[in-house]
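Numbered from 1 within each chain, the chains take letters A, B, ... in sequence-line order. Heavy-atom basis, side chains included; hydrogens, waters and symmetry copies ignored. Everything quoted here is computed from the prediction, not taken from an experiment.
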Protein chains: 2
Amino acid sequence: MTVGTVRPGGRTARVREAVLKAAGDALVEHGFDRLDLADVARRAVVGKTTVYRRWGTAAALVTDLLDDMAATSSPRTDTGSVAEDLRANARLVQRTLTDPRQGPLFRAVIVAATCDARAAEALHRFYAVRIAEWAPCVEQAVQRSELPEGTDPAEVIRAVSAPLYYRLLISGDPLDEAAADRAADAALAAARAGTYRSA
Amino acid sequence: MTVGTVRPGGRTARVREAVLKAAGDALVEHGFDRLDLADVARRAVVGKTTVYRRWGTAAALVTDLLDDMAATSSPRTDTGSVAEDLRANARLVQRTLTDPRQGPLFRAVIVAATCDARAAEALHRFYAVRIAEWAPCVEQAVQRSELPEGTDPAEVIRAVSAPLYYRLLISGDPLDEAAADRAADAALAAARAGTYRSA
DNA sequence: CCACTAAAGGAACCGTAGTTCCGTTAATAT
DNA sequence: ATATTAACGGAACTACGGTTCCTTTAGTGG
């Protein structure tokens, strides 16, 4: 065996999986600010030296977790109607953010992103993937002339999410289904009015 | 002098002012996660024991800072046109979030709010004040029948801010004047379409 | 102006997150 | 199979954020 060979197989992969899982659990329970790498190591049944050596900081660990989360994409619905699709997207986001596990996890990774530049990049990549997944339903609507020519699909999808994240992080207003439907309706109304034309 | 008298005058007030100012500076430079109360004490030229005794935790200090920030309200513009007023509001938020001092400060207090329940309440109070300040321009537009009867004024103002905070915290897309104008246009289009009617 | 004590300050102390050291385990090339 | 060494793990160590203890300063009522 030559010098400098990486060994991604078997143990290394198992350790990574266990640590990322444990990191997610810890983030859900304590949030990013109280994330203790020794605690993560304990949960993963792994030496804390290993966690410090491979990731080094809480932010780096969350960065890796985010890239892992981005890799597992969930398929969008396709009802054939923009209004329905946007509403489905809004409700998915709403359910995710109010989920007992996903909600705290998302808060935590968003906090991590505002604390660390690399984690921020990972978060942007994560959302770029999610937005690209849903953009086609807007593209199709433009082709069907349900929305104005030149409408920026990604911008419409982002517009659906924005009010929900605003409630989660800023205003603290209830994140219920009504809020989701309203967010979808608002994005659709603005899109129809031509607000998201790139030209 | 009787037992149990509080002494808010003179020194106590001076210390509070100096510490809050120092806390703001420290938050701008390091962010909430790297906020060190001993460092804040040093900047304020105050014993660190004093900071730990009066505030105790970084979150409590930020909570006090937020209540202090809420007390100083900035007057809104009143151009007589909803479109103009909403655009002015959007640009104010955009300029605030991209300001070299205010931007990092807002990120920091938002992070603090997601880490601590009391800080979150303080943040909600802060925004409630800001939103109440701007709501009248929407109310007037409803009275002038420029917007549908029953439109929730606060919801319209929140809709203007939401996409800008989304860019700041989630997507990382540029927070320029075009984004501000688009946010104002979208909120207005949705309001006109009746999305924000409370009924 | 004086007595009283709330509030501030300095310094020594403590607990724990993070590091270092070195021996052990197991992935991979031959 | 076996040798090689990447990667893991336990334990001792360190540094620093946070606490405790006691002294000093200065608001406030009389």
**OP:** Would you please name every residue forming a side-chain hydrogen bond (donor to acceptor under 3.5 Å, both in side chains) with B/Arg54, sequence neighbours left out?
**Re:** none
Original post:
Among all residues two or more places apart in sequence or in another chain, which pass the ring pair (Phe, Tyr, Trp, His ring centres under 6.0 Å) test with A/Tyr196?
Top reply: none
Subject >> Neighbours of DNA chain C within residues 26-49 of chain A, by heavy-atom distance under 4.0 Å >> reply: A/Asp36, A/Lys48, A/Thr49
Subject >> N or O in side chain of B/Tyr52 less than 4.0 angstrom from D/dG18 OP1/OP2 >> reply: yes
Subject >> Residues which pass side chain to side chain contact (heavy atoms under 4.5 Å, CB included) with B/Asp39, listed by chain and number, not counting sequence neighbours >> reply: B/Ala26, B/His30, B/Asp36, B/Arg42, B/Arg43
**OP:** Can you sort out the partners of A/Glu146 under side chain to side chain contact (heavy atoms under 4.5 Å, CB included), two or more places apart, ordered by chain and number?
**Re:** A/Val82, A/Ala141, A/Arg144
Subject >> Results of side chain to side chain contact (heavy atoms under 4.5 Å, CB included) for B/Ala60 - residues two or more places apart only >> reply: B/Thr57
Original post:
Sequence neighbours excluded, which residues qualify as side chain to side chain contact (heavy atoms under 4.5 Å, CB included) partners of B/Thr79?
Top reply: B/Ser81, B/Glu84, B/Asp85
Subject >> Qualifying residues under side-chain hydrogen bond (donor to acceptor under 3.5 Å, both in side chains), relative to B/Asp185, sequence neighbours excluded >> reply: B/Arg87
Original post:
side-chain hydrogen bond (donor to acceptor under 3.5 Å, both in side chains) with B/Arg125: which residues, sequence neighbours excluded?
Top reply: B/Asp67
Subject >> B/Arg14 side-chain N/O to C/dA7 phosphate OP1/OP2 under 4.0 Å >> reply: no
**OP:** Provide the closest heavy-atom pair for B/Arg197 versus A/Arg182 in the form atom of the first, atom of the second, distance.
**Re:** O-NH2, 3.2 Å
Subject >> B/Arg11 CZ - D/dA26 P separation (whole Å) >> reply: 6 Å
Subject >> By ring pair (Phe, Tyr, Trp, His ring centres under 6.0 Å) - contacts of B/Tyr166 (at least two apart) >> reply: A/Tyr165
Original post:
Between the axis at one end of the helix from C/dC1-D/dG30 to C/dT30-D/dA1 and the axis at the other (five pairs apiece), what's the angle to 10 degrees?
Top reply: 50°
Original post:
In residues 53-67 of chain A, which residues come under 4.0 Å of DNA chain D by heavy atom?
Top reply: A/Arg53, A/Arg54
